[in-house]
Amino acid sequence: MTDFEMPTLMMVSHGNSGNGGDPAGDLAKTIAPDWNGRVSHGYMRSQPAVSDQLEMLKASGDADRLIVFPLFFSEGYLVFEELPSKLHEAGLSDSVILPPAINLPGFSEMIAARIHATARKRDWDLADTSVFLVPHGLKTLTQSLPETVRLADRLGRICVGAEICIGNVEGSPSLADWRDIASHRQTMIIPMLAGGGTHARDDLPELIDAKPNEMIEVLPPIGQWSELPGLVLDEAERHVARFGGTAVPLGPTGQDLWAERAQRSA
């Protein structure tokens, strides 16, 4: 690792559900040994709250150089509006915000490698396999989010022969309808979730409702994959420049993202 003291790297996720673990905290702990600087974490909808964590970082002098990673698998309001707004309110609009997980370089290749490895383990031919991407979704959804569709298209080109489908936890298309959506009896489920909370622990089994004779492989939530921290570290490193004896974060800031979002919404 470089001898430069790196900027603070903060993991931000939607929330944890009590006994559902601590996905942002777990990711921070995994990344910390390979990042020569402070690593923090916070949640938009649970504790420790992002706003409180930002104030703590400011009080300790660790917010002057800040890089934020959104552990999200969509491009929604929380990432492109609320997170920049919270940074702005904290006086940290110059903080660098990395792409959400779904837009990290190498993200689709990481999933494709898991698909191939899982198929080999089960001795499945991809041409006979339906692969479901399972994002959280929204209750108001009537069709898949564009970013999930783009990911499915990329995976279809890498995992030749596999049928790539989308089934949301909430909204339509729903994972509950996977039997009607899928064309094959062999089914691989990829939860696009940060951790093993209520959705992964309770909702997924209920939506899948597996029968004894069905060939189903449910992978762990992507936020728990051992490959993900490497993608985050690579992207964070890419947004650091060295000037003299200081490592400085460079890249899109909260203010940049806010303006970009406002322009798209105009």
Side-chain angles (χ1 to χ4, degrees), residues 6-35 37-102 104 134-139 168-170 191-204 220-226 228-229 231-233 235-236 249 253-254 257-258 261:
M6 301 293 275
T8 297
L9 182 56
M10 183 178 186
M11 311 293 122
V12 173
S13 187
H14 181 276
N16 54 48
S17 54
N19 61 354
D22 182 15
D26 291 342
L27 182 60
K29 289 175 185 175
T30 302
I31 282 176
D34 296 311
W35 185 258
R38 181 163 178 177
V39 179
S40 179
H41 75 282
Y43 292 98
M44 304 292 281
R45 294 291 182 269
S46 61
Q47 300 297 320
V50 168
S51 297
D52 293 340
Q53 294 294 84
L54 292 175
E55 290 303 318
M56 288 178 59
L57 291 174
K58 287 170 62 178
S60 63
D62 292 320
D64 296 338
R65 297 176 299 138
L66 178 63
I67 298 176
V68 179
F69 168 63
L71 180 56
F72 286 81
F73 302 95
S74 69
E75 300 174 348
Y77 168 82
L78 289 178
V79 175
F80 285 95
E81 293 195 40
E82 187 169 325
L83 177 57
S85 180
K86 287 185 180 294
L87 289 166
H88 179 69
E89 291 168 3
L92 299 171
S93 293
D94 58 347
S95 301
V96 168
I97 301 179
L98 301 181
I102 193 171
L104 284 174
V134 185
H136 181 282
L138 299 166
K139 291 180 180 178
N168 295 291
V169 175
E170 295 184 355
M192 296 175 62
L193 302 170
T198 301
H199 292 309
R201 188 182 61 249
D202 301 328
D203 294 343
L204 284 184
I222 295 179
Q224 297 179 337
W225 290 12
S226 60
L228 183 62
L231 297 187
V232 178
L233 283 166
E235 186 65 6
T253 66
L257 288 181
W258 180 270
R261 178 71 175 182

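Sequential numbering from 1 along the given sequence is applied to the chain's residues.
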Closest heavy-atom pair and its distance - Ser74, Val79 = O-CG2, 4.1 Å

Apply the test side chain to side chain contact (heavy atoms under 4.5 Å, CB included) to residues Leu98 and Ile67: give CA-CA distance (whole Å), side-chain angles for both, the deciding distance (0.1 Å), then the verdict.
-> CA-CA 7 Å; Leu98 301 181; Ile67 298 176; 3.6 Å; yes

Residues Pro191 and Pro220: closest non-hydrogen pair is CD-O, 3.7 Å

Of all heavy-atom pairs between Pro23 and Gly15, which one has the smallest distance, and what is that distance?
-> CG-O, 4.4 Å

From NZ (Lys58) to CG (Asp64), nearest 0.5 Å | 10.0 Å

Side-chain (Thr30) to main-chain (Asp26) donor-acceptor, under 3.5 angstrom | yes

Mind telling me whether His14 and Phe72 have parallel, tilted or perpendicular rings, with 30° and 60° as the class edges?
-> perpendicular

What is the minimum heavy-atom distance between Val50 and Gly42, and which atoms define it?
-> CG2-C, 3.7 Å

Given Met10, which of Leu87, Leu54, Val39 fulfils the side-chain contact (heavy atoms from CB on, under 4.5 Å) condition?
-> Leu54

Mind running side chain to side chain contact (heavy atoms under 4.5 Å, CB included) on Ile31 and Met11 for me, showing each step along the way?
-> CA-CA 10 Å; Ile31 282 176; Met11 311 293 122; 3.9 Å; yes

Would you check if there is a donor-acceptor pair between the side chains of Tyr43 and Asp22 at a distance under 3.5 Å?
-> yes

Exam field: side chain Trp35 to backbone Thr8, donor-acceptor pair closer than 3.5 Å | no

With Ser40 as partner, the option from Leu57, Asp62, Val68 fulfilling side-chain contact (heavy atoms from CB on, under 4.5 Å) is Leu57

Point-to-point distance, once rounded to the nearest 0.5 Å, from CD1 of Ile222 to CD of Gln224 = 11.0 Å

Would you say the side-chain atoms of Arg38 and Ser60 include a donor-acceptor pair closer than 3.5 Å?
-> yes

Check step by step if salt bridge (charged side-chain N to carboxylate O under 4.0 Å, His left out) holds for Lys86 and Glu89.
-> CA-CA 5 Å; Lys86 287 185 180 294; Glu89 291 168 3; 5.5 Å; no

To the nearest 0.5 Å, what is the distance between CG (Leu71) and CD1 (Ile102)?
-> 12.0 Å

Rounded to the nearest 0.5 Å, what separation is found between the CG atom of Asn168 and the CE atom of Met192?
-> 9.5 Å

For residues Arg65 and Pro249, report the shortest heavy-atom separation together with the two atoms involved.
-> CB-CD, 3.8 Å

Where is the tightest heavy-atom contact between Leu193 and Pro221, given as atom of each residue plus distance?
-> O-CB, 3.5 Å

Rounded to the nearest 0.5 Å, how far does OG1 of Thr253 lie from CG of Leu66?
-> 11.5 Å

Distance col, row Ser95:OG vs Leu83:CG, nearest 0.5 angstrom, shows 9.0 Å

Is the backbone N or O of Tyr77 less than 3.5 Å from a side-chain atom of Glu82, with the two atoms forming a donor-acceptor pair by type?
-> no

